[in-house]
Every structure is written in C-alpha cells, then in structure tokens.
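Below, chain A is the first sequence line, B the second, and so on; all start at residue 1.
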Amino acid sequence: MVPESKQEAEANEKLDVMRHSTAHVMAEAVLSMFPDAKFGIGPTIENGFYYDFDLPRTLTPDDLPVIEEKMREIVAADTPFVREEMTKAEARKLFAGQPYKLELIDELPEEMVTIYRQGAFTDMCRGPHVGSTGEIGAFKLISIAGAYWRGSEKNPMLQRIYGTAFNTQREIEEYLQYQEALKERDHRKIGKDLDLFVFSDLVGKGLPILTEKGSIIRRELERFVVDEEIKRGYKHIYTPDLAKVELYKTSGHYPYYKDTMYPVMKIDEEELILRPMTCPHHYQYYASQPRSYRELPFRIAELAKQFRYEKSGELLGLMRVRMFCLADSHIICQKEQTINELHQVIDLIEHVASVFGFEHGKEYRYRLSLGDRKDEEKYYKDDEAWDYAEAVLRDVLIQRKTSYFEAENEAAFYGPKIDIQMKNIAGREDTAFTVQYDFVSPKRFGLTYIDSDGQEKEPIVIHRSSIGAIERTMAFLIEHYAGAFPVWLAPVQVMVIPVSDRHLDYANKIGAELKKDGVRADVDSRSERMNLKIRQAQLDKVPCMLVVGDREVENGTVSVRLRGGGQLPAEPFGRFSKAIKKTITERARELVTLDS
RNA sequence: GCCAGCGUAGCUCAGUGGUAGAGCAGCGGUUUCGUAAACCGCCGGUCGACAGUUCGAAUCUGUCCGCUGGCUCCA
C-alpha cells in the first residue's frame, strides 16, 4: 500500500503482460498434450498466473514438469504473438468447439473482439502480450486445483494450473524461498510447535481444543477486551448458547442462515438450535422492559459462542472453525446517535489494533461493505434505508480521514458494514473485526424507546465485534508475532534457569515470588545443562530467561537474557520484578524496560 | 461440499509386494556444568480405519475418516 514510483509501476505492468503471455504459452503446451482441451480463462494474479482447462483426464502433479518442458520448447522457438480483430460472428466460428469461449463472446458488449495467436494456440484476449514467446522470462508451474467455471458451484469444475513467472530465475528462487519461510509463520505450525491448540478426530473437525498455553492467551485476550469494554460503557452479559428456533425466525436470520445452522433439536415439543448469532438474545434483554431515551445508547456486550456449519473444505486451523467465540456487541441507539457511536466503536477497534501492533494500511484495511439493491434474495428490501445507512458509514470513514475501499455485495442482509480486513500468512484476506448498521432488527422485534416528547420511537442497532472472533484473532496474533508474543500474552513469561542443581533453591525462591505477584514464571529444575534449558526456552519463545548461578545467589541478582538474544547485565531481582510487572500491566510490546 | 495430493512412534521423516527404521521427545543412569542441543542405555508403532486382491499388503484396489493446496462460502 506504499505508493509505487512511475518506474516501478511500468516495471510491474511489463511483468504482468509477460505473466499473461506465459499463461498463453502454458495453454499452448496443454493443447499440444490434449488436442480436445476446452479453455476457460487464464488471467494473471499476484506473483503469477493460472489457466482453467476442461480436459479428458485429470491432471496429476507429474504432468507439471512435462507441461513445463513443452513450454520451454515454445519459448525457445520464439514464435510471435499476433493480434487480430474480428467481428463476434467470425469469433463464434473460430471458437466453434470452445463452449466456454462462446459463452464469453456472447456476454461481451462490443461488436469487435480481439484475438491473439501464437504457434498453434489462439485465444480470445484483450491483451496486450509480449512480442514473441522468446521474451518470456523465468517461470514455474506451482499446483493443480479444481475451480468452478465462473466461480459458481452450479457450473462444471475445471482444472486450474497455477504458475509463477518473474523476469529472472533468481527472482523465482527468491519468491519460492519466501513462500517456504512464510510456512514457518503459519499459525497451525506454530500452534503445534508451541503447544497452543490441538484437534481430535473424535471431537470433530473445525473444533479446536485449546491447550493450557493456548487457553492462557485466550483468557488474557478476554480479560483485556471485557475490561476495556466495561470501561467504555458496555453492559457485559451472559446469554445461552441455545435458543428456540422461533427466535431466529422472528429475527429474520433463519432463511439467510439455515444452511449454516446446525439442525434443529426437538425436545419436549420445543425446537432448539445452537445459535449462529447473538443478536436476537441481546434484543430480548433490551425488550425485557420499556426503555427510555435516557438509557440510550444501550450497549450490550458478550463473549458469545456461536455455532456455524462451515463446509469441511473451508476449515482452517483456528482461522475458520465451526464453533467460535465472538467478542460481540449490539448497540441500540437513537438514529441521531449513530454517527457518534460508530466513531466510538472504531476508536475501540483502533485501540485494540494498536495494542496488538496491527497498523492500518499494513496489517489491516477498511472495507465499506455495501449491499446490492437488485438482490432481494440476499438483502432486506428497503432502498431508502440502504442508501441512508451506506451514506452514514461512508461519512464516518471520510470524517476519520482514513483510507478505505468499497465492496459491492458484501453487506449483511440487514444493512451495510465496515469490515476490518486482515491478511493471513497465506495471503488470504479475512474479516478480523466488523461494524454493522442494522435498520431491520428493530422492526422485526418491535424494539422501541420512549423519547423525550413521550412518543414511542424505533431505534437503530449497531452490531460490532471489538477483538473479533477470539479463535481467529488468536490465529492472526500467532502469525503476526510468529509465536513470539508480547509479555502480557506469553503463556510463560519468565523462565528461571539455575546454572547447576545447587542453585535450585534460589531459582525456586525467585520463581515463587514472581508467581505470587501474578507473573507466569516457571523454574526449569530438570537435571540438565544450562545450555539445553536456554535453548528450550528460546524455542518456546519465552520472553525472559533468568539465569542464576553462584554470582546471582551471592548478590541477590538475576542475569536477564531476552528472547531476542539480547542480554542485560546482572540486575537486582527486585528491579527486574518491578520492570516485568510494569511491562505486563502496560501490555507493552517491549520485553522489559529497566528504569535507570 | 467439489477437484487434486497426502496420512508410518508424541514430533520431524526414511522405507514401493516378503512381514517396520532414524533423529528428537519420554523413561533409567552417569555428568553439576555461566547464555541455543553432554554421554550411555531402555521404552515406544494392529504403518489413519474398514473391506478386497495376493501364498504374503505399510506398499496394489475400493469405501470411509482426517489433513494440505485450490474453488465456493465466511467472524
């Protein structure tokens, strides 16, 4: 998101053209292997390209080097890319045996289409392309995947080949090495290495078990958010994870969520479901008594477990699960209070993000998620309310002078939202936090308040999550810190390491004192060498190691080794203890700062 | 859910038709050591599950379960 210079922009554009041409060369290679191949589309993507094919047999990874070899021959032959224009009628004749291309031709608004030929391969394509196949740089085919034609599961599934291309072989190697390095940050790998969470086939997929260490992190996050919200005027409550299905029919969620809800449980003439959302429970709390305008904004918050059926192929570690805990809230307010409330919500989210060290424009970006007036299946019908709500959210973002992007067809059924989008290590973007404007629920539930003029009026609801779904936020944090958590989140904050067994008493005394003060300190009392203990504490990413030997016992000091490898001179224990406690309460990201 | 690949000890992995191996971890011992791996020994697996082919299956086939990469979907 750093603005690129003119030269960079030109170089990137050139690279993009070359990648697109590489996709065409791959298509030619595939055509030579399968003369009956039907072609889908073959665009460029970040770092490479893909092409979708309908082939007489499924591809295996062994096919990739064969295709690559064929591609190299095409590049070596240095055949020119030839551009041609023709009428749609002519194009239909040319692509008579290509049903997918015919479909695309039919949908083009222009009368003329452009085609590119190179060697035996002809494709309908806007271009541009490199002059000839010899201009193609270094490339490598990466993987095979299934992909529905035009992205709809109702369409046939095509075979997609992903490839990467750069100007030089060296850049490819660097890129591949970088990809390998990213795998080391994958929260699933770190979760296993640091023993943060596990899965059991018997418990079920998408249902993580947090270990003791993982649970410490979660508890810290929960304490942090609950305290912060209570400070900011939220009422923190508990509501049941189950509800009668009628609740969700009343709320209007049922038709939109029935595919993602778990089946109804019938018991004693009642029909219960595991809740996919918390909102209707919160409305029932609000509606339990008549409300005055003096009580608004009425901010209800809960760490709410929610249950959603996600297709098995969509599950991803802690990032995508079937039961998650959302730091959820519903703010019921007067229409004229919404803008101020929205600012306060975003202030809270930005505060949380800054404590985590997530930077706007780097780790996250704002997405204004809009509805689609024409899609009455997916969105509640009320054009005027949509226009108003979208304008309010847009104004809030503009008032904050923050950059954002707009996305059509990403809203909730009850209104537009501002989503805080974060990228995971694999480059996939997900919603971390969300703020939603809801003009539907108050009507559905008959939520009202008595205004100062004694009239009964309809409020607005703002749905929001402050630290998002805790599982997902943990996943983002694990990847963000690569497992090296700031002290307040670290499962073990201090590891006391005696140099030899005779220093154990002193080590235990220090450990006990830290624990008494609420510091998560462990003593590595095994009969092992100090070097091994240091190594293990390093691998476990323990922020502070206190090495204690003869010198420390004698002087009542500790020798502080920091996770980064940095080492502080021997410190009086009291001074270290004070410093670490300060680091923890402040939720600082520095490991320890010793006052002079 | 769909397409493809994968599943061997707690972890990382070797073993491709003749009946299972390494390193680390764990356990027992020796060592008592100053900032990222001391040494010796031991234990550990119905090779994801179930069916089939075969004289014989970790290895071949089928079904199921799980994981990985995509597609679709989403906090």
- Does A/Arg428 place a side-chain N or O at less than 4.0 Å from the phosphate oxygens OP1/OP2 of B/C71? yes
- Task: Quote, to the nearest angstrom, the C1' distance that separates B/G21 from B/U59.
- Result: 15 Å
- Task: Please measure how far the C1' atom in B/G34 lies from the corresponding atom in B/C43, and state the result in whole Å.
- Result: 34 Å
- Message: Suppose we define a pair by two distances each less than 3.5 Å, Watson-Crick or G-U wobble; what does B/G28 pair with here?
- Response: B/C40
- Message: Categorize A/Arg188 for me: base, sugar-phosphate, or nothing, with a 4.0 angstrom heavy-atom threshold over every strand shown.
- Response: sugar-phosphate
- Task: Quote, to the nearest angstrom, the C1' distance that separates B/G44 from B/A4.
- Result: 35 Å
- Message: What contact category does A/Leu539 fall into here, base, sugar-phosphate, or nothing, at under 4.0 angstrom with non-hydrogen atoms?
- Response: base
- Query: 5'-most contact on RNA chain B: A/Arg529 or A/Lys417, nearest heavy atom basis?
  - Reply: A/Arg529
- Please name the residue in the list A/Phe39, A/Trp149, A/Phe53, A/Tyr148 that meets the ring pair (Phe, Tyr, Trp, His ring centres under 6.0 Å) test with A/Tyr100. A/Trp149
- Note on the structure: Sorted by position of nearest nucleotide on RNA chain B, 5' first, the leading residue of A/Phe433 and A/Arg502 is A/Arg502
- Ring-face cation of A/Arg19 near A/Phe166 (centre distance under 6.0 Å, axis angle within 45°): yes
- Note on the structure: A/Phe199 CZ to B/C11 P, in whole Å, measures 15 Å
- Whole-Å distance, A/Leu64 CG to B/G5 C1', equals 11 Å
- Item | OP1 or OP2 of B/G66 under 4.0 Å from side-chain N/O of A/Lys205 | yes
- Item | Under-4.0 Å side-chain N/O to phosphate OP1/OP2 contact, A/Tyr148 with B/C73 | no
- Query: Across the strands shown, which category fits A/Ser465 at heavy-atom distances under 4.0 angstrom: base, sugar-phosphate, nothing?
  - Reply: nothing
- Item | Test: A/Asp63 and A/Arg57 ion pair at under 4.0 Å | yes
- Task: Name the orientation class of the two ring planes belonging to A/Tyr364 and A/His360 (parallel below 30°, tilted from 30 to 60°, perpendicular beyond 60°).
- Result: tilted
- Message: By the 4.0 Å heavy-atom rule, please label A/Glu552 as base, sugar-phosphate, or nothing.
- Response: base
- Item | Below 4.0 Å: OP1/OP2 of B/G1 and any side-chain N or O of A/Ser312 | yes
- Message: Using atom C1' in both nucleotides, what's the gap between B/G56 and B/A22 to the nearest angstrom?
- Response: 27 Å
- Query: How is A/Asp430 classified with respect to the nucleic acid when contacts are heavy atoms under 4.0 Å: base, sugar-phosphate, or nothing?
  - Reply: base
- What nucleic acid atoms does A/Arg561 come within less than 4.0 Å of, heavy atoms only: base, sugar-phosphate, or nothing? base
